[in-house]
Amino acid sequence: MSGNLNQNCEQFKAAVVGGNLDAANSLLNKLKVQLVELDSLPPVALESPTAEQERVLARDVYEHAVILAIKNSDKEAFQRYLGTLRPYYTGFGPAVSESSAKSSIVGLHLLFLLVENQLAEFHSELELLSEQQQKDPAISFCTQLDRHLMIGSYDQVLQAAATPPVEYYSFFLTSLLETVRLNICECVLAAYKMLTPQAAMKILMFSSLDETVDFFNDHYPEMEVSASTQSIDLHSQSHHASHKSDEVPSLKLINQTLSYATELERIV
C-alpha cells in the first residue's frame, strides 16, 4: 500500500471533519481511483499480507464518504456509499467490520429508511442487529422514533429530534419534523376554528413566532398569517375546500393502522 494512498486518506478525513467540502470531494475522487486498483477489496477480496490494512483504510474512506454525502445534502450519494460500505461490515472479521463510526453509520441508514417511510426495510435491518447493538444510543434513538411515530406521539418525536445523539442525524430529521408538524397541523385544523399564533407556536413546538408564521405561509398561504395576526382563521373557505379540515380522515387512519399491524406481523 503506497504512502500516497495513506496521505490522501488522512487528508480526506481531515477535510470531511473540518467541513472543507471542495477539498473533500476532490480527494474522494482520487481515492476512489486508487482503491479500485487494490485486489484485496470487494468484490475481488484477495488475501495478501496487507489486505486487512487496506480494507480498514477503504472502510474509513467510505464511512467518511457517507458523512460527506450528508454534508453535501446528496441522498443518492449517501445511499451509494452505504451500499459500498456494507461488505466491509458484513464480509470480514472484527478488525475490519467494527469501527468507532459503525453505530452512527448504521443509525443514519435506519433513520433514512424511517424518514422515507420504508418501514419493512427498516425492521428488516433492525433484525440483523444484535441485542447489544440495538442498545447503542445511535440505534435506540431510531427505534424510539419508530415507536413514537407508530402510536402517533408526535410531541415525543419533536422532543427526541431536538437532541439527536449524532449531529449528522439533523439532515434527515429536518424533513421528518416537517412531516410531523404537517400531521399535527391537520389534527389542529380538524379540532379548532380559530387559533392564536402563540398557541400554534406552542402546539407545533416552534421556538419563535417567526418560525410559526413561516410554516403557515409555506404550507397554508391562503390563511395569510403574519407577525401582526391576532387570530388564525383555520376554517377559511379556501382552506376548507382544499383540505376538508372538518372531516375526520377515518379511512386514512384505518389504513395506517392496518399497515402498522401488517409490519408488526411480519416481524413476529
Side-chain angles (χ1 to χ4, degrees), residues 1-116 118 121-122 125 128-129 133 136 138-139 142 164-176:
M1 186 167 59
S2 69
N4 182 255
L5 177 58
N6 278 316
Q7 183 180 4
N8 284 343
C9 179
E10 293 304 317
Q11 290 178 352
F12 169 65
K13 292 191 291 185
V16 172
V17 174
N20 190 346
L21 302 187
D22 289 338
N25 285 317
S26 176
L27 285 164
L28 179 57
N29 288 331
K30 294 179 181 178
L31 282 165
K32 286 191 292 185
V33 173
Q34 290 177 302
L35 292 175
V36 166
E37 298 175 354
L38 300 178
D39 290 336
S40 60
L41 307 183
V44 180
L46 293 179
E47 295 298 334
S48 71
T50 59
E52 185 175 282
Q53 183 183 359
E54 291 168 351
R55 290 164 186 165
V56 169
L57 184 145
R59 182 207 65 203
D60 288 348
V61 168
Y62 290 123
E63 284 179 338
H64 283 77
V66 169
I67 303 303
L68 178 61
I70 289 176
K71 291 190 172 186
N72 286 329
S73 300
D74 189 341
K75 286 186 179 182
E76 290 185 1
F78 171 79
Q79 292 177 271
R80 188 166 60 251
Y81 291 125
L82 270 178
T84 305
L85 188 56
R86 181 180 289 272
Y88 295 90
Y89 285 163
T90 60
F92 301 107
V96 177
S97 64
E98 300 300 322
S99 73
S100 59
K102 182 177 180 178
S103 294
S104 298
I105 298 295
V106 173
L108 280 167
H109 185 208
L110 290 172
L111 187 57
F112 168 76
L113 295 174
L114 197 59
V115 170
E116 294 294 318
Q118 298 180 29
E121 291 83 352
F122 174 87
E125 290 294 327
L128 296 175
L129 303 178
Q133 287 175 313
D136 188 284
I139 307 297
C142 300
V166 180
E167 61 173 309
Y168 306 117
Y169 281 15
S170 299
F171 174 65
F172 294 119
L173 287 173
T174 299
S175 58
L176 178 63

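What you are looking at is a predicted structure, and each value in this text was computed from that prediction instead of being measured.
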Checking [X] side chain against [Y] main chain: does a donor-acceptor pair fall under 3.5 Å?
{"X": "Asp74", "Y": "Ile70", "result": "no"}
{"X": "Ser48", "Y": "Ala51", "result": "yes"}
{"X": "Ser26", "Y": "Ala23", "result": "no"}
{"X": "Tyr88", "Y": "Tyr62", "result": "no"}

In plain terms, say whether Arg59 and Glu52 are close enough for a salt bridge, that is, a side-chain N and a carboxylate O under 4.0 Å apart.
no
If the threshold is 4.0 Å, N to carboxylate O, is there a salt bridge linking Glu63 and Lys13?
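Salt bridge absent between Glu63 and Lys13.
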[Y] and [X], any side-chain heavy atoms less than 4.5 Å apart:
{"X": "Glu121", "Y": "Glu116", "result": "no"}
{"X": "Leu85", "Y": "Tyr89", "result": "yes"}
{"X": "Val61", "Y": "His64", "result": "no"}

With a cut-off of 3.5 Å and sequence neighbours excluded, list every side-chain donor-acceptor pair involving residues 100-115.
unit_1, atom_1, unit_2, atom_2, d
Lys102, NZ, Ser97, O, 3.4
Lys102, NZ, Glu98, OE2, 3.2
Ser103, OG, Asp136, OD2, 3.2

To the closest 0.5 Å, what do you measure between CG (Leu57) and CG (Leu5)?
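Between atom CG of Leu57 and atom CG of Leu5 there are 5.0 Å.
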Leu27 CG to Glu10 CD distance, which is reported to the nearest 0.5 Å
11.5 Å
Distance-only donor-acceptor hits, side chain of residues 33-45, under 3.5 Å, sequence neighbours excluded:
unit_1, atom_1, unit_2, atom_2, d
Gln34, OE1, Asn8, ND2, 3.0
Gln34, NE2, Asn4, OD1, 2.8
Ser40, OG, Glu54, OE1, 2.4

What do you reckon, is NZ of Lys32 surrounded by more than 12 foreign heavy atoms closer than 6.0 Å?
yes
Can you tell which of Tyr168, Phe172, Phe171 makes a ring-ring contact (aromatic ring centres under 6.0 Å, His included) with Phe78?
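One option only clears the test, and that one is Phe172.
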Would Leu68 and Phe12 satisfy side-chain contact (heavy atoms from CB on, under 4.5 Å), going step by step from the backbone distance to the final call?
CA-CA 10 Å; Leu68 178 61; Phe12 169 65; 3.9 Å; yes
